[in-house]
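Report on one structure; see the data block that follows.
Throughout, protein chains are lettered first and strands after them, A, B, ... in sequence-line order, and every chain is numbered starting at 1.
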Protein chains: 2
Amino acid sequence: MNIMTFSALAEPSRLGMVELLRGGPLTVGEIADQLGLRQPQASKHLRVLLEAGLVEVEAVANRRNYRLRSEPFRALASWLDAYRNIWNERFDNLDIYLQKMQAEENKPQAGENEPKET
Amino acid sequence: MNIMTFSALAEPSRLGMVELLRGGPLTVGEIADQLGLRQPQASKHLRVLLEAGLVEVEAVANRRNYRLRSEPFRALASWLDAYRNIWNERFDNLDIYLQKMQAEENKPQAGENEPKET
DNA sequence: TTCAAATATTCCTTATTGGGTATATTATAT
DNA sequence: ATATAATATACCCAATAAGGAATATTTGAA
């Protein structure tokens, strides 16, 4: 997984931009307007998104049309897939018990198998 | 989408920790070892992951067993779902053309509908 | 009580990041 | 050539984050 994807999304304005661009391409000015940003900061954040590969630009005269790229989202989804097991509460109580037992084996000092009561 | 999830993952050591914990719970020392970190930085990064809700701890004597929580991964997956359209290259050439046409309508200064040739 | 292991916290220092403002750049129109 | 709109870049400053090293805390054992 590319860490730049996460750092690009780890900023409110930039995450907002991505959500905004879900509706389709927008210019810098439109993005700045909708998010209440000044133009320079909008440009700077878009640059970060661009370098992270999250968006791409198309120059149309004066304007720059920014839109989402699909690749990083696909990558994110496939990375997430590796965590599907966790969905199903793989580490449920039984597993935790087994893991604890296994951890005990590292220091079988006092009682061997059955800890006597009191 | 909670931004803390992204900022927590936007750091190589922490992303490494998450990947590592995919295999099951580990103690601070084990994590530090496997990632070549000093213990204090391991603890500090784990704290960030903890506060982001990505992991949880279980104290067992001296040790702290850290393991992944499922919720943030579910949240991430459901957030990603909103971007599924982009998978299918929704913004293909036709869409881009239509969007460009719509953008033109904002400044219909010269030609109204049919721009005359030459 | 004293010791040692595992972990957390604190302090310090440096690097990075984000906002603000001014300015440069590019394209269109006159 | 000049003016204007849209955008990018540069510079400065404050806030944040990360590593290093020392220290505090907790637990089990002698």
Among [options], the nucleotide that comes nearest once only the side chain of [X] is considered:
{"X": "R64(A)", "options": "dA8(D), dG20(C), dG20(D)", "value": "dA8(D)"}
{"X": "Q39(B)", "options": "dT21(C), dG28(D), dA8(C)", "value": "dA8(C)"}
{"X": "V28(B)", "options": "dG20(D), dA8(C), dG19(C)", "value": "dA8(C)"}
{"X": "N62(B)", "options": "dC11(D), dT7(C), dT26(D)", "value": "dT26(D)"}
{"X": "Y66(A)", "options": "dA8(D), dA8(C), dT27(D)", "value": "dA8(D)"}
{"X": "S43(A)", "options": "dG19(C), dA8(D), dT9(C)", "value": "dA8(D)"}
{"X": "E11(B)", "options": "dG19(D), dA22(C), dA27(C)", "value": "dG19(D)"}

Return the value, rounded to whole Å, for the distance between atom [atom1] of [X] and atom [atom2] of [N].
{"X": "E58(B)", "N": "dT27(D)", "atom1": "CD", "atom2": "P", "answer": "14 Å"}
{"X": "I3(B)", "N": "dT16(D)", "atom1": "CD1", "atom2": "C1'", "answer": "15 Å"}
{"X": "R63(B)", "N": "dA8(C)", "atom1": "CZ", "atom2": "C1'", "answer": "16 Å"}
{"X": "Q41(B)", "N": "dA17(D)", "atom1": "CD", "atom2": "C1'", "answer": "12 Å"}
{"X": "D33(A)", "N": "dT7(D)", "atom1": "CG", "atom2": "C1'", "answer": "14 Å"}
{"X": "L46(B)", "N": "dA6(C)", "atom1": "CG", "atom2": "C1'", "answer": "13 Å"}
{"X": "L37(B)", "N": "dT7(C)", "atom1": "CG", "atom2": "C1'", "answer": "14 Å"}
{"X": "K44(B)", "N": "dA6(C)", "atom1": "NZ", "atom2": "P", "answer": "20 Å"}

Only one of V48(B), L49(B), L26(B) passes side-chain contact (heavy atoms from CB on, under 4.5 Å) with V55(B), and that residue is L49(B)
Apply side chain to side chain contact (heavy atoms under 4.5 Å, CB included) to R74(A) and Y83(B), showing your working.
CA-CA 9 Å; R74(A) 288 212 196 87; Y83(B) 294 84; over 6 Å; no
Less than 4.0 angstrom between a side-chain N/O of [X] and OP1 or OP2 of [N], yes or no?
{"X": "R47(A)", "N": "dT7(D)", "value": "no"}
{"X": "R38(A)", "N": "dG20(C)", "value": "yes"}
{"X": "T27(B)", "N": "dA6(C)", "value": "no"}
{"X": "H45(B)", "N": "dA17(D)", "value": "no"}

Sub-3.5 Å donor-acceptor pair from the side chain of R64(B) to the main-chain atoms of V57(B), do we have one?
no
Main-chain N/O of G53(A) paired to R69(A) side chain as donor or acceptor, under 3.5 Å
yes
Given the rule in the side chain to side chain contact (heavy atoms under 4.5 Å, CB included) test, do F6(B) and T5(A) qualify, once you have shown the distances and angles that lead to the verdict?
CA-CA 9 Å; F6(B) 288 128; T5(A) 302; over 6 Å; no
Which residue, V57(B) or A10(A), contacts DNA chain C at a nucleotide closer to its 5' end, judged by nearest heavy atom?
V57(B)
